[in-house]
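Sharing a structure here in structure tokens format.
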Amino acid sequence: MFVQNVSETTLENAMKTLGDSGGAMPRDSGVYSINQVHNLNSQGLWGVNYPANDLTTQKTLANGFVKTGRLTLNGNFAGYYDLAYWNGNLTIDDDNELGAFFDNFFFTGNEDTHSALVYINGDLNIHYPCIIKPAVRKLFTCFYIAGAFTHNGLISMTDRGANHSGTGNSHGYTAPIAIPINGTVTIPATGGAGGARVNRNASSGSSYNAGGTATYGAGGGGSGHNHQSGSQCGSTWAGAGADATCFSGGGSGCGTMNHSTQTNTVSAENDAQPNGGAGGKPHLTNYLYGASGGSGNPGGMILGVTGTGFGNNTAGVRQPSNGGFMEQNSIDPYKGVGTERGPGRYYDAGNGTAGVFIAMCTGDYTGSHGRIESRGKNHGNYHEIGGNGAGGARGGSGGGGIGMIFGGTSTRTGPTPVVDGGITGNNYGGGAGGAGTGAKYAL
């Protein structure tokens, strides 16, 4: 793999620069050990020029990455990139056979600090049921198609927003910047605002704040749910959602549920962390039922109450949400089966934020039943089993991501990206995530 630092005024110009030089890279470019050279020679794969659309032969190659380096847009560092290059028309039409191959071809395992850039030097045709989604979080994903783009499969950046905070399990800090796409559209460095912290003081009822939106930006995360069971309660707080950035939808804050005269104070750990970081942690003490942290990278823990709960939710102990103690009710097939709530199919916990996908094609953009998405995480909910069966206070929902398609002609009838924020829901749901930006533009 060759290293090439790229500095251009727009992302479109950067993709053209990389594409113009990508096709010139020899098949045997890179650094190989003597054993690798011997093995490739013995297989007849060294120094061979393959037909660009010969998938049977191409599948024997490890990946399509020919370049990596620093990316600078309009004078601002935009992180590192990994470029995959395909020379010729490309049709992906059998997910069972080729899905894993193209996951490896398009994406590296570099998480949080690298964008995924893909240059198709020809037409791109994606058929159902093929799915294109990086296995790890990316600063953003961009496809440049030097031809027509027909999309009838699924491209997803849901849960693939970068944790570019430099904290937690992030691999490094990348400052958010304005990303100029084509001289007309610019993704702002800061997207929709996060829902503010929620305070209730001696007031029975519930409160929460939704995340905001921004032109060309991702959506902010919602605050957690703040519930007081009576007017005798003291001052309580639910955590704030985080602002969205150019690389991630906003994470969400923790929920809280109190009764009698109890109070709690709020600190930064109860809020979603900035720049795609962790979801808000629940308070150290909860006075009624269990409580959930917010969504983020990673999700923000749960807090048990009485009894053992689902799993080992010891009363008063905050535990990671990674073990699957949060759920998205909309996809829970067991809810209400056998018991009031059923065992629950606890799905992906509160982990993940919405990411950024950009496609540019010089020809038509078409497709009748494809889908492109980068959706905000629905609110997490902790079901406390040891008490009287009520659900605890939920964290907020994550903001929606960015899905932008730039077509070079007047025919842009392909699917519009879906970039909604997570929902408010019911049963003490937190604030909704703000919607992101999903649209089609002229190139």
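Just so you know, residue 1 is the first one in the sequence shown, and it goes up from there.
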(request) Taking Asn76 for its side chain and Ile177 for its backbone only, find out whether a donor-acceptor pair lies under 3.5 Å. (result) no

(request) Report the residues that fulfil ring-ring contact (aromatic ring centres under 6.0 Å, His included) with Tyr81, sequence neighbours left out, ordered by chain and then residue number. (result) none

(message) Which residues pass the salt bridge (charged side-chain N to carboxylate O under 4.0 Å, His left out) test with Asp420, not counting sequence neighbours?
(response) Arg375

(request) Would you list the pairs meeting salt bridge (charged side-chain N to carboxylate O under 4.0 Å, His left out) in which at least one residue belongs to residues 431-443, sequence neighbours left out? (result) none

(request) Could you pull out all residues at least two apart from His151 that satisfy side chain to side chain donor-acceptor pair (under 3.5 Å)? (result) none

(request) Specify the closest pair of heavy atoms between Ser170 and Asp112, including all atoms of both residues, with the distance to one decimal. (result) CA-OD2, 3.5 Å

(request) Taking the side chain as every heavy atom from C-beta outward, state whether Gln4 and Leu83 have any pair of such atoms under 4.5 Å apart. (result) no

(message) Please verify the inter-ring angle class for Tyr441 with Tyr216; under 30° counts as parallel, over 60° as perpendicular, anything in between as tilted.
(response) perpendicular

(request) With sequence neighbours excluded, tell me which residues meet side chain to side chain donor-acceptor pair (under 3.5 Å) with Asn199. (result) Ser235

(message) Just verifying a value: how many Å separate Thr150 OG1 and Ile145 CD1, rounded to the nearest 0.5 Å?
(response) 9.5 Å

(request) Supply the atom-to-atom distance Thr141 OG1 to Lys133 NZ, rounded to the nearest 0.5 angstrom. (result) 11.0 Å

(message) Just to verify, what does Arg197 make a salt bridge (charged side-chain N to carboxylate O under 4.0 Å, His left out) with, not counting sequence neighbours?
(response) Asp271

(request) Check Thr245 against Pro176 and note the closest heavy-atom contact, atom names and distance. (result) CB-CB, 4.2 Å

(request) Write down the atom of His283, the atom of Trp237, and the distance for their closest heavy-atom approach. (result) NE2-O, 2.8 Å

(request) Please list, chain by chain and in numerical order, all residues satisfying ring-ring contact (aromatic ring centres under 6.0 Å, His included) with Phe140, sequence neighbours excluded. (result) none

(request) Please step through side chain to side chain donor-acceptor pair (under 3.5 Å) for the pair Asn226 and Thr256, ending with a clear verdict. (result) CA-CA 5 Å; Asn226 190 343; Thr256 188; 5.4 Å; no

(message) Which residues pass the ring-ring contact (aromatic ring centres under 6.0 Å, His included) test with Tyr173, not counting sequence neighbours?
(response) none

(request) Report yes if some heavy atom in the side chain of Met404 is under 4.5 Å from a heavy atom in the side chain of Ile187; otherwise report no. (result) yes

(request) Could you tell me the separation between the OG atom of Ser165 and the CG atom of Asn297, rounded to the nearest 0.5 Å? (result) 8.5 Å

(request) State the OG1-CG distance between Thr10 and Asn74, to the nearest 0.5 angstrom. (result) 9.0 Å

(request) Determine yes or no for a side-chain-to-main-chain donor-acceptor pair under 3.5 angstrom, with Asn264 supplying the side chain and Thr236 the backbone. (result) no

(message) Between Asp243 (side chain only) and Thr190 (backbone N and O only), is there a donor and an acceptor less than 3.5 Å apart?
(response) no

(request) State the CD1-CD1 distance between Ile126 and Ile131, to the nearest 0.5 angstrom. (result) 11.5 Å

(request) Have a look at Trp86 and tell me which of Phe105, Phe143, Tyr119 forms a ring pair (Phe, Tyr, Trp, His ring centres under 6.0 Å) with it. (result) Phe105

(request) Over all heavy atoms of both residues, which pair between Ala178 and Thr186 is shortest? Give the atoms and the distance, please. (result) CB-CG2, 3.9 Å

(request) Mark yes or no for whether Asn182, through its side chain, and Glu12, through its backbone, hold a donor-acceptor pair below 3.5 Å. (result) no

(request) Keeping the roles fixed (side chain from His225, backbone from Gly429), state whether a donor-acceptor pair exists under 3.5 Å. (result) yes

(message) Any side-chain to backbone donor/acceptor pair from Asp20 onto Thr17? Under 3.5 Å, distance only.
(response) no

(message) Using every non-hydrogen atom in the two residues, find where Val198 and Ser223 come nearest and quote the distance to one decimal.
(response) CG2-OG, 3.3 Å

(request) Flag the pair Pro180 / Leu73 as yes when at least one side-chain heavy-atom distance between them is below 4.5 Å, and no otherwise. (result) yes

(request) Taking the side chain as every heavy atom from C-beta outward, state whether Asp123 and Asn125 have any atom pair closer than 4.5 Å. (result) no

(request) Return yes if some donor-acceptor pair links the side-chain N/O of Ser374 with the main-chain N/O of Ala354 below 3.5 Å, else return no. (result) no

(request) With the side chain counted from C-beta on, respond yes when Ser115 and Leu117 share a heavy-atom pair under 4.5 Å apart, and no when they do not. (result) yes

(message) A side-chain contact here means heavy atoms from C-beta on lying under 4.5 Å apart; do Pro417 and Ile405 qualify?
(response) yes

(request) Taking side-chain contact (heavy atoms from CB on, under 4.5 Å) as the test, write out the residues that go with Ala218, two or more places apart. (result) Ala244, Ile402

(request) Determine yes or no for a side-chain-to-main-chain donor-acceptor pair under 3.5 angstrom, with Asn275 supplying the side chain and His164 the backbone. (result) no

(message) Exactly one of Asn110, Asp82, Thr108, Asn5 should register a side chain to side chain donor-acceptor pair (under 3.5 Å) with Thr68. Which one does?
(response) Asp82

(request) Examine distances only and state if a side-chain atom of Thr437 and a backbone atom of Gly217 form a donor-acceptor pair shorter than 3.5 Å. (result) yes

(message) Once side chain to side chain donor-acceptor pair (under 3.5 Å) is applied, do any residues pair with Thr72, and if so which ones, sequence neighbours excluded?
(response) none

(request) Applying side chain to side chain contact (heavy atoms under 4.5 Å, CB included), run through Thr91 and His127 and close with a yes or a no. (result) CA-CA 8 Å; Thr91 297; His127 287 288; 3.8 Å; yes

(request) Identify the heavy atoms of Cys361 and Tyr365 that sit nearest to each other, and give their distance. (result) SG-CB, 3.9 Å

(request) Dump the intermediate steps for side chain to side chain contact (heavy atoms under 4.5 Å, CB included) on Met360 and Ile181, then the final yes or no. (result) CA-CA 10 Å; Met360 308 177 195; Ile181 304 299; 3.7 Å; yes

(message) If you apply the rule side chain to side chain donor-acceptor pair (under 3.5 Å), what do you find for Asp364 with Thr409, and how did you get there?
(response) CA-CA 6 Å; Asp364 294 335; Thr409 72; 2.3 Å; yes

(request) Could you walk me through whether Thr413 and Thr366 pass the side chain to side chain donor-acceptor pair (under 3.5 Å) test, one step at a time? (result) CA-CA 5 Å; Thr413 58; Thr366 59; 5.5 Å; no

(request) Any chance you could measure Met157, atom CE, to Ile372, atom CD1, to the nearest 0.5 Å? (result) 12.0 Å

For residues 246-254, which side-chain donor-acceptor pairs fall under 3.5 Å, sequence neighbours excluded?
from   : atom 1 : to     : atom 2 : distance (Å)
Ser248 : OG     : Thr353 : OG1    : 2.9
Ser252 : OG     : Ser295 : N      : 2.7
Ser252 : OG     : Ser295 : OG     : 2.9
Ser252 : OG     : Gly396 : O      : 2.8

(request) Spell out, as yes or no, whether a donor-acceptor pair under 3.5 Å connects the side chain of Lys138 to the backbone of Arg160. (result) no

(request) Indicate yes or no: at least one non-hydrogen side-chain atom of Ile92 is less than 4.5 angstrom from one of Ile132. (result) yes

(message) So Phe406 and Ile358, do their side chains get closer than 4.5 Å, heavy atoms only?
(response) yes

(request) For Ser156, enumerate each residue passing the side chain to side chain donor-acceptor pair (under 3.5 Å) test, keeping only those at least two apart in sequence or located in another chain. (result) Glu373

